[in-house]
Amino acid sequence: MTQTSENVTWLTQEAYNQLKAELEYLSGPARTEIAVKIAAAREEGDLRENGGYHAAKEEQGKMELRVRQLTQLLEHAKVGEAPADDGVVEPGMVVTIAFDGDPDDTLTFLLASREYASSNIETYSPQSPLGTGVNGKRMGDDAEYELPNGKMAMVKILAAKPYTG
């Protein structure tokens, strides 16, 4: 789980290890693989009309951007424990809310950095409007946040439990 404070990102040991392993792969074997693809495409001739070369160069650019993002994130990371199971909404918690207090109109999501987003559960950043609105609230509390159109929305916190993966 992650919790961002200023330039520090709090990570569980598991999250840190996962991101570190991704960085090591991208910095080593993946760089070698993309260099081989680029070299093979370059040998095909005219680079202006070589789709394989341009695709490989674009892939390389995206990979290098991810390497820079991970390097910066891990340089400022602090490894800590998952949040306490105390019903307080904070990064690393799976939160269930009801829109306008309607128990039939609910959303369950993980409050965490986008670095921890997974396909298993929707993830909202603590810096997002909804994340900012619910962060620090307790089960049973009402929270308000600003919609993209500038109007305010009200939600009720139904549950907040530590994310267990």
Tell me whether Lys156 contacts the main-chain N or O of Gly140 through its side chain, where contact means a donor paired with an acceptor under 3.5 Å. yes
Run the numbers on Asp105 and Asp100 for side-chain contact (heavy atoms from CB on, under 4.5 Å), then give the verdict. CA-CA 8 Å; Asp105 187 10; Asp100 294 321; 6.0 Å; no
How would you list all residue pairs meeting side chain to side chain donor-acceptor pair (under 3.5 Å) that involve residues 26-36, not counting sequence neighbours? Tyr25-Glu33, Arg31-Glu64
Using every non-hydrogen atom in the two residues, find where [X] and [Y] come nearest and quote the distance to one decimal.
{"X": "Pro126", "Y": "Asn135", "answer": "CB-ND2, 4.4 Å"}
{"X": "Ala30", "Y": "Met63", "answer": "CB-SD, 3.5 Å"}
{"X": "Gly131", "Y": "Leu111", "answer": "CA-CD1, 3.6 Å"}
{"X": "Leu158", "Y": "Met139", "answer": "O-SD, 3.8 Å"}

Polar contact flag, side-chain donor to acceptor under 3.5 angstrom, Glu122-Tyr124: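 Present: a donor and an acceptor within the cut-off.
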Would you say that more than 12 heavy atoms from the other residues, nucleotides or ligands in this model lie under 6.0 Å from the CD of Gln72, or not?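 Result for CD/Gln72: open.
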Can you list the residues that meet the side chain to side chain donor-acceptor pair (under 3.5 Å) rule with Glu59, with sequence neighbours excluded? Lys37
Can you name the residues that form a side chain to side chain donor-acceptor pair (under 3.5 Å) with Thr96, not counting sequence neighbours? Thr108
Per-pair distances, 0.1 Å, donor-acceptor, side chain in residues 50-57, under 3.5 Å, sequence neighbours excluded:
| unit_1 | atom_1 | unit_2 | atom_2 | d |
| --- | --- | --- | --- | --- |
| Asn50 | OD1 | Gly52 | N | 3.2 |
| Asn50 | OD1 | Tyr53 | N | 2.9 |
| Asn50 | ND2 | Ala41 | O | 2.6 |
| His54 | NE2 | Leu47 | O | 2.6 |
| Lys57 | NZ | Gln60 | OE1 | 3.3 |

If we only count heavy atoms from C-beta on, is the Phe109 to Thr123 side-chain gap below 4.5 Å? no
Compare all side-chain heavy atoms of Phe99 with those of Leu107 and state whether any distance is below 4.5 angstrom. yes
Partner of Arg68 under side-chain contact (heavy atoms from CB on, under 4.5 Å), picked from Thr71, Leu65, Leu70, is Leu65
Among Thr132, Val155, Val134, whose side-chain contact (heavy atoms from CB on, under 4.5 Å) with Tyr145 holds? Val155
Would you compute the distance between atom CE of Met154 and atom CD1 of Ile97 and round it to the nearest 0.5 angstrom? 12.0 Å
Nearest 0.5 Å please: distance from the CG atom of Leu73 over to the CD atom of Glu22. 10.0 Å
Same hydrophobic cluster for Leu130 and Met152, using side-chain heavy-atom links shorter than 4.5 Å among ILVMFWY? no
Check the pair Lys137, Val88 against side-chain contact (heavy atoms from CB on, under 4.5 Å), reporting the backbone distance first and the verdict last. CA-CA 6 Å; Lys137 301 288 186 188; Val88 175; over 6 Å; no
Identify, with sequence neighbours excluded, every residue that meets side chain to side chain contact (heavy atoms under 4.5 Å, CB included) alongside Lys62. Glu58
Pairing residues for Val36 by the side chain to side chain contact (heavy atoms under 4.5 Å, CB included) criterion, not counting sequence neighbours: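 For Val36, no residue satisfies side chain to side chain contact (heavy atoms under 4.5 Å, CB included) once neighbours in sequence are set aside.
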